[in-house]
Amino acid sequence: MAKGITKRAEDYSKWYIDVVQKAEMADHSPVKGCMIIRPTGYGIWEKIQQHLDRMFKETGHVNAYFPLLIPESFLKKEAEHVEGFAPECATVTHGGGKKLEEPLVIRPTSETIIWDAYRNWIGSYRDLPLLINQWANVCRWEMRTRLFLRTTEFLWQEGHTAHASHEEAEEETYKMVQVYKTFAEKFMAMPVLVGRKTEAEKFAGALHTYCIEGLMQDGKALQAGTSHHLGQNFAKAFDVQFQDKDEQRKYVHGSSWGVSTRLIGGMIMTHSDDNGLVVPPKLSPRPVVIVPIYRKDDEKELVLNKAREITASWDPLFFYLDDRDQYKPGKKFNEWELKGIPVRIEIGPRDVESGEVIVARRDTGEKVSMPMDGLLEKLEALLDDIQDNLFKIAKQRLEDNTHTVDSYDEYKARVKDGGFFRVFLDHANPKVEEQMQTDTKSTVRCIPFDAPEEEGPCMITGVLCKSRVIAAQSY
RNA sequence: CGGGGCGUAGCGUAGUCCGGCUAACGCACCUGCUUUGGGAGCAGGGGAUCGCAGGUUCGAAUCCUGCCGCCCCGACCA
């Protein structure tokens, strides 16, 4: 039905771009790789921020803001970190018409400038733990970009915490990846696997990295959030020490964790269809739209008055009364469908007469009649049902597309068709994963926390492995 | 950086091979009337230095040279 959206089956990548642009979520900017986030897209980001920010605060974190520009020398203080990020940094060399003495890097991530500040903030065990988050933009000069999934500049949050012990930092790292899992599943209706990254895939400068991984409709994996145990690496690089109860001076243990506007890409590729965007109710800035239907002025007045009467006690941010006179109802139906609004209410003279309204849900397209009496409660229940249904469908798809494979030949033949693959792989040896990547363009997405105890030979080398890992092609 | 594609009105395109009237069409936009339960109809109207710079020619969107930009596929990555 939708005009101008390429079908998923025809060209998934084209479909994705079409949905983003036709739903007015984002535009390409005049600068290559950057994007303009339009109100439809930004409204979803605001909902993501709202829910996550609350979850961060509920787990004891506070927000702060650190500067965009970082002295270039800071990035070089942690050996692995500089290696990982140097190639993708944008650098400011001139300011005020003069060449700067030291170039400034536009933050690709803020560990260095934050740990530099932590040195001054932390002196005693009484100053710990330090639990700070910031909402910010960062810049990474990627070679190939895609709206929301990978842009040169993107929005994210980054948590940076400091602890007295390895155990506490580990607890924090694990806790936050679980927060991400809960958020992904409960609010985004996007099922994810939770686990640890391999050496090859972990964050540059971390002891280890935990992650959530989603599976998109085309069978490719999407890394949707990461939480890093930094150990004492940044504390040592920036000399952040504290005096402990035992009077010893010790280096602080750190964690950092983040999710980005990439989540919006994940939401699109998890739920949307050939008719456009599908937004889970909990991420919708206004989950209900009311489209009035009328012919003459007297009907218009009748219908709009009734609509206003019904919604008088509703939260203004729960719904949008689309009383734009310049568009016909059919046009509005399609516009809201394209933009993925979860529920649409149609109200016309016939409905005012009967005391009922037509309610259409975006996920199934189903239309039902509902009495105006007690409508709000019914809508809330319906929105919950849509949220659950979207999760259930996505969960089923993830399960249906998770395969257990033992032979490398079978893996090579099947991995290109998409899905998660449970395989034995000697991931302790980076060369093995490298070979798999060369052969198949796939990588280990994670070593799941909940992998059942199972032993078997690595599908490439035959070395005995103690559990299966999840491998897939990814974005 | 390698492979492919493309730059003509806000968007999507035709015209380019084979140079020639005032650069055409659809959508969008503006005005008026009729319409309004799944993207309205009719009539009228506005909007382009044909990506940029040179060159060839009486004449260039079209031919030649150089440059720039964008998109898609790969390598890199959240």
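Computed from a predicted model, the values in this text were never measured in an experiment. Proteins come first, then strands; the chains are lettered A, B, ... in the order of their sequence lines, and each starts at number 1.
- Checked by distance alone, A/K328 brings no side-chain donor or acceptor within 3.5 Å of a matching partner on the base of B/G41.
- Comparing B/G37, B/G38, B/A75 against the side chain of A/K441 picks out B/A75 as the nearest.
- When rounded to the nearest whole Å, the span between CD1 of A/I36 and P of B/C70 equals 14 Å.
- Note: A/F203 and A/Y210 fail the aromatic proximity criterion, with ring centroids not under 6.0 Å apart.
- For A/P329, the side-chain atoms get nearest to B/U36 when compared with the rest of B/U36, B/C76, B/G38.
- A distance of 14.0 Å separates NZ of A/K220 from NZ of A/K416, quoted to the nearest 0.5 Å.
- Side-chain polar atoms of A/Q178 and A/K181 form no donor-acceptor pair below 3.5 angstrom.
- Nucleic acid contact class of A/T151 (heavy atoms, under 4.0 Å, all strands): base.
- Comparing B/G51 with B/U34, their C1' atoms sit 43 Å apart, to the nearest whole Å.
- Among the protein residues, A/K197 comes within range of no part of the nucleic acid, since none of its heavy atoms lies under 4.0 Å from any strand.
- For the P atom pair drawn from B/C50 and B/C67, the interatomic distance equals 22 Å after rounding to whole Å.
- With hydrogens and angles ignored, no donor-acceptor pair under 3.5 angstrom links the side chain of A/R295 to the base of B/G37.
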Canonical and wobble pairing (Watson-Crick, G-U, under 3.5 Å) of RNA chain B, dot-bracket with |: ((((((((.[[[[.)....(...]]]].((((((.....)))))).....[[[[[..)....]]]]])))))))....

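- Closest to the A/I293 side chain, of the nucleotides B/G38, B/U36, B/A75, is B/U36.
- In this structure, of B/C29, B/G39, B/G74, it is B/G39 that holds the atom nearest to the side chain of A/E335.
- One C1' atom belongs to B/G69, the other to B/C30, and the distance between them is 32 Å to the nearest Å.
- Comparing the P positions of B/C52 and B/A60 gives a spacing of 15 Å, expressed to the nearest Å.
- Residue contacts for A/Q223: at a heavy-atom cut-off of 4.0 Å it reaches the sugar-phosphate backbone alone, with no base atom in range.
- When heavy atoms are screened at a 4.0 angstrom cut-off, A/I17 is found touching the sugar-phosphate backbone but no base atom.
- Comparing the P positions of B/C21 and B/U16 gives an interatomic distance of 13 Å, to the nearest angstrom.
- Taking atom P in both B/A9 and B/A48, the straight-line distance is 10 Å, to the nearest Å.
- The shortest side-chain heavy-atom distance between A/K22 and A/V19 does not fall under the 4.5 Å cut-off.
- Nucleic acid contact for A/Q21: none, since no nucleic acid atom lies under 4.0 Å from a heavy atom of the residue.
- A/P349 comes within 4.0 angstrom of a nucleotide base, judged by non-hydrogen atoms across all strands.
- Distance CG/A/L390 to NZ/A/K395: 15.0 Å, rounded to 0.5 Å.
- Between A/K367 and A/E346 there is a salt bridge, since a side-chain N of the basic residue sits under 4.0 Å from a carboxylate O of the acidic one.
- A donor-acceptor contact under 3.5 Å links the side chain of A/E337 to the base of B/G38.
- Counting heavy atoms from C-beta outward, A/W257 and A/Q157 have side chains that approach closer than 4.5 Å.
- Between the CD atom of A/E201 and the C1' atom of B/C76 there is a distance of 11 Å, rounded to whole Å.
- Side-chain N/O atoms of A/Q217 and A/R397 include no donor and acceptor closer than 3.5 Å.
- Remark: A/E309 engages A/K306 in a salt bridge, criterion side-chain N to carboxylate O under 4.0 Å.
- No engagement by A/T109 is indicated, since no non-hydrogen atom pair under 4.0 Å with the nucleic acid exists.
- Nucleic acid contact for A/T226: none, since no nucleic acid atom lies under 4.0 Å from a heavy atom of the residue.
- For the P atoms, the distance from B/G74 to B/U36 is 50 Å, rounded to whole Å.
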Test ring-ring contact (aromatic ring centres under 6.0 Å, His included) applied to A/Y118 and A/F238, step by step: CA-CA 9 Å; A/Y118 282 3; A/F238 287 87; over 10 Å; no

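- In this structure, the nucleotide among B/U36, B/C29, B/G38 sitting nearest to the side chain of A/Y327 is B/C29.
- Within residues 139-149 of chain A, the residues approached by RNA chain B to less than 4.0 Å at the level of any non-hydrogen atom are A/R140, A/E142, A/M143, A/R144, A/R146, A/L149, in residue-number order.
- When each of B/G38, B/G37, B/A75 is scored by its nearest atom to the side-chain atoms of A/R344, the top-ranked nucleotide is B/G38.
- In terms of phosphate contacts, A/Q437 brings a side-chain nitrogen or oxygen within less than 4.0 Å of OP1 or OP2 of B/C76.
- Atom NZ in A/K14 sits roughly 19 Å away from atom P in B/C70 (whole-Å rounding).
- Judged purely by atom type and a 3.5 angstrom limit, A/E142 has no side-chain atom pairing as donor or acceptor with the backbone of A/T145.
- Between A/R362 and A/E337, no side-chain nitrogen of the basic residue sits less than 4.0 Å from a carboxylate oxygen of the acidic one, so the salt-bridge criterion is not met.
- If you take atom C1' in B/U62 and the same atom in B/A14, they sit 13 Å apart, rounded to whole Å.
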